[in-house]
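Worksheet for the structure shown next.
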Protein chains: 2
Amino acid sequence: MKLQRHNAIRELLAGSRVTNQDELRRKLRRRGFAVTQATLSRDIHEMRLYKGPGGYSLPAANGHTPAAGTGEDDGPPSVAEVMASFALRVNRAMNQVIVHTVMGGAQPVAAALDYEEWPDVVGTVAGDDTVLVICRDPRKAAEVESRLTKILES
Amino acid sequence: MKLQRHNAIRELLAGSRVTNQDELRRKLRRRGFAVTQATLSRDIHEMRLYKGPGGYSLPAANGHTPAAGTGEDDGPPSVAEVMASFALRVNRAMNQVIVHTVMGGAQPVAAALDYEEWPDVVGTVAGDDTVLVICRDPRKAAEVESRLTKILES
DNA sequence: AATTTCCTTGCATACTTATTCACATCCTGT
DNA sequence: ACAGGATGTGAATAAGTATGCAAGGAAATT
């Protein structure tokens, strides 16, 4: 339940302004997540969100990438890292997997996918906030989808 | 006096970690600025600082997005509006719908489609003059195509 | 099955930050 | 010099956030 809630929070923050935890609580309740402020405080901490003049924001929206904050700097960022920073949602249609990200997050995610050269992935196309991942066939796409989803929810 | 204090705060934040306003108060006092927490709260607001997992940080240091923070306008334009302005042609292939637009028109069209969250649309990717709309399956794509075509021809 | 262990959560409350109010200071035009 | 109006500040306090603790539940172990 917690993981879905975290994703719901990411989507909410990407789409609307959230000034405080009680407002977040009310918005989540409308989406079916009924939790208390205490839980949200812990969620926010775990998700490493930032709070600024415009309310809460995702770590990536500030350039406050977890990597930048925590030292390690060699080699390009892994798919897992960029997904954690930018990805909001993963969907699939036929042999394609669609990754929605925060604004500007699509390029880094696609770059990481390209770099890792997953065997089932034929290619990627990135816009501003959407990555299109072309897979060999629907079956492979399903695998890629579940792998990405797992990363997103970890 | 306030201005020097603001600069001192900036320097402090650039050089060390500050996790709360009372810590900031003590560090400033060592530099000769004796003020209360209330004043620092106001300073932080005026300077539009962010607070995150690592304490306070400067807005400049992180490429903070002005779009997200500022300005409420009256909602994004509808698909119908942007289609009327930019779209030239609508085609379909398998589960994908391709919208050709005038140069530079793809982004706005994709943004509007994303915003309206059509249920059959899994995602969109926009280049300069082409929007690729990924649908759940060929049937849904046909529906989306006809809907877009209808808009285009109205 | 029973027990243990680990995780998640709500409640109550401690801690941190924002705001209200009152007052002092410094302009500015009379 | 004085009245009126900004602006900056501290003290008190309201508003918002984090956390210790215990309860409940799921999964693993005995």
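So that the names make sense, note that chain A is the first sequence line, chain B the second, and so on, each numbered from 1. Values reported hereafter were calculated over all heavy atoms of this structure, with side chains retained and with hydrogens, waters and symmetry mates removed.
As a whole-Å value, the separation of B:H45 NE2 from D:dT9 P is 16 Å. The distance from atom CG of B:D22 to atom P of C:dA14 is 18 Å, rounded to the nearest whole Å. The separation between A:L49 atom CG and D:dA18 atom P is 10 Å, rounded to whole Å. Distance CD (A:Q4) to C1' (C:dT9): 16 Å, rounded to an integer number of Å. If you take CG of B:L3 and P of D:dG8, they are 10 Å apart, rounded to a whole angstrom.
Between B:V35 and A:L40, the residue anchored closer to the 5' end of DNA chain D is B:V35, taking for each the nucleotide with the nearest heavy atom. Residues A:Q37 and A:D43 each lie close to DNA chain C; by heavy-atom proximity, the contact nearer the 5' end of the strand is made by A:D43. For the pair A:E46 and B:I44, both in contact range of DNA chain C, the more 5′-proximal nearest nucleotide belongs to A:E46.
Closest approach to the A:R42 side chain among D:dT17, D:dG10, D:dT19 is made by D:dT19 (side chain taken as heavy atoms from C-beta onward). Minimum atom distance to the side chain of A:K2 is reached by C:dT9, of the listed C:dT9, D:dT17, D:dA11.
Residues B:L88 and B:V144 fall within the same hydrophobic cluster, defined by Ile, Leu, Val, Met, Phe, Trp and Tyr side chains chained together at heavy-atom separations under 4.5 Å. A:L13 and A:F86 end up in the same hydrophobic cluster when Ile, Leu, Val, Met, Phe, Trp and Tyr side chains are linked at under 4.5 Å.
Here the straight-line distance linking atom CZ of A:R5 with atom CZ of A:F33 works out to 8.0 Å at 0.5 Å rounding.
Phosphate contact (OP1/OP2 of D:dT9, side-chain N/O of B:T39, threshold under 4.0 Å): absent. One finds no side-chain N or O of B:Y56 lying less than 4.0 angstrom from the OP1 or OP2 phosphate oxygen of C:dT16. For D:dT17, the OP1/OP2 oxygens have a side-chain nitrogen or oxygen of A:K51 closer than 4.0 Å. At the phosphate of D:dA15, neither OP1 nor OP2 sits under 4.0 Å from any side-chain N or O atom of A:Q21. For the pair A:S41 and D:dT17, the criterion of a side-chain N or O lying under 4.0 Å from OP1 or OP2 is not met.
With hydrogens and angles disregarded, no donor-acceptor distance shorter than 3.5 Å links the side chain of A:T39 to the backbone of A:V35.
One cannot find a donor-acceptor pair under 3.5 Å joining the base of D:dT9 and the side-chain atoms of B:R25. Residue side chain B:R5 does not reach the base of D:dG8 through any donor-acceptor N/O pair under 3.5 Å, judged by distance alone.
A:D43 and A:H6 are linked by a side-chain donor-acceptor pair at a separation below 3.5 angstrom, with hydrogens and angles left out of the test.
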